[in-house]
2 protein chains.
Amino acid sequence: MPATPCCPPLAGGVLSTDDAERLAAVLKSLADPVRLRLLSLVATAAAGEVCACDLPQAVDRSQSTVSHHLSQLVDAGLLHREQRGKWAWFRVDDAAMADVASALRLPGTRSTI
Amino acid sequence: MPATPCCPPLAGGVLSTDDAERLAAVLKSLADPVRLRLLSLVATAAAGEVCACDLPQAVDRSQSTVSHHLSQLVDAGLLHREQRGKWAWFRVDDAAMADVASALRLPGTRSTI
DNA sequence: CCCTCGTTTCGATGGATGTCGATACGAGAC
DNA sequence: GTCTCGTATCGACATCCATCGAAACGAGGG
């Protein structure tokens, strides 16, 4: 806050502290290379879903680490988990992903589509 | 990797390790509530840019902390910095933001627009 | 040249996080 | 019931990160 005003006062930020906290939590779950690869593996799977059993080797991490990452993605609402027999299957929540993408779209930004 | 196959082999993930690393780096710079609020403050400013001098009070953090966050956003390419006289002004790189948003758009996801 | 003031950088610190091996849990097979 | 095997949880550890105060840097103004 300069003695001589250097600029017009800011309009109130669009993002409330709570909204910022919520969005940051989801983005934090995305902000890891291993989780991004897991997500893309599930998203691009032919059947739209994937068995957890194949993921450790796919991302070259231990089984416990992969399980940990999958839990974070599920907690963030980006992935859905379904137990089928003794195997766990995961699929992407397309709406949640679209929500994040659109949250990042700035108010004044013209669509590039 | 189960003894009896539980599912068809995965198609190769779309995201390479390098791509995942790069995207994660940008997302990491977004995955903080303070940085999200800073970004929204700059993005919604009437003039499209903002003087750094007003930001510490706007996000209720020390001036050095705000400078640190701004540097991260600049390093990620999401913000541009311009020194004007003794004040630093910041504006959003709309193209970079759009890139991140579209990177999160899944291949098969139908547009909701 | 010195003083002021906005900004960045430095050093320190407490807390979060990615990773693993080991263990516990659960469901099917025998 | 017991054995097997896929998965989740636990405990530990090294690293990263947000935050602050203090110090350094830089540009104007006197």
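None of these values were measured; they are calculated from a predicted model. Note on naming: letters A, B, ... go to the chains in the order of the sequence lines (proteins, then strands), and numbering restarts at 1 for each one.
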Asker: In whole Å, I'd like the distance from the CG atom of A:L70 to the C1' atom of D:dA8.
Answerer: 11 Å

Asker: Only distances under 3.5 Å count here; give the side-chain donor-acceptor pairs of residues 18-36 of chain A to other protein atoms, sequence neighbours excluded, each with its distance to 0.1 Å.
Answerer:
from  : atom 1 : to    : atom 2 : distance (Å)
A:D19 : OD1    : A:R22 : NH2    : 2.9
A:D19 : OD2    : A:S16 : OG     : 3.3
A:S29 : OG     : A:V26 : O      : 2.7
A:D32 : OD1    : A:V34 : N      : 2.9
A:D32 : OD1    : A:R35 : N      : 3.2
A:R35 : NE     : A:S29 : O      : 2.6
A:R35 : NH1    : A:H69 : ND1    : 2.9
A:R35 : NH1    : A:Q72 : OE1    : 3.3
A:R35 : NH2    : A:K28 : O      : 3.2

Asker: Main chain of A:Q63, side chain of A:S67: is a donor-acceptor contact present, judged purely on distance under 3.5 Å?
Answerer: no

Asker: For the pair made of CG in B:L55 and C1' in D:dT19, what is the distance, rounded to whole Å?
Answerer: 17 Å

Asker: Go along nucleotides 17-30 of chain C 5' to 3' and tag each nucleotide: B for a protein heavy atom under 4.0 Å from its base, S when only backbone or sugar atoms are that close, - otherwise.
Answerer: SSBBBB----SS--

Asker: Let me know the distance between CZ of B:F90 and P of C:dG6, rounded to the nearest Å.
Answerer: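 Rounded to the whole Å, the gap is 15 Å.
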
Asker: Measuring from atom CG of B:L73 to atom CZ of B:F90, what distance do you get when rounded to the nearest 0.5 angstrom?
Answerer: 9.0 Å

Asker: Please tell me if B:R81 has a side-chain N or O lying less than 4.0 Å from either OP1 or OP2 of C:dT7.
Answerer: no

Asker: So which nucleotide from C:dT8, D:dA8, C:dG6 ends up closest to the side chain of B:C53?
Answerer: C:dG6

Asker: What's the CG-P distance between B:D75 and D:dC17, to the nearest Å?
Answerer: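 Answer to the nearest Å: 12 Å.
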
Asker: Measure the distance from CD on A:E82 to P on D:dT7 and round it to the nearest whole Å.
Answerer: 13 Å

Asker: For a quick test of reading the model, state the closest non-hydrogen atom pair linking A:S102 to A:D99 and the distance between them.
Answerer: OG-O, 3.0 Å

Asker: Not counting sequence neighbours, which residues clear side chain to side chain donor-acceptor pair (under 3.5 Å) with B:S64? List them please.
Answerer: B:S62

Asker: Which residue pairs pass the salt bridge (Lys or Arg N to Asp or Glu O under 4.0 Å) test with at least one member in residues 73-82 of chain A, sequence neighbours excluded?
Answerer: A:E82-A:R84

Asker: Rounded to whole angstroms, how far apart are CG on A:L79 and P on D:dA8?
Answerer: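 Taking CG of A:L79 and P of D:dA8, I get 11 Å after rounding.
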
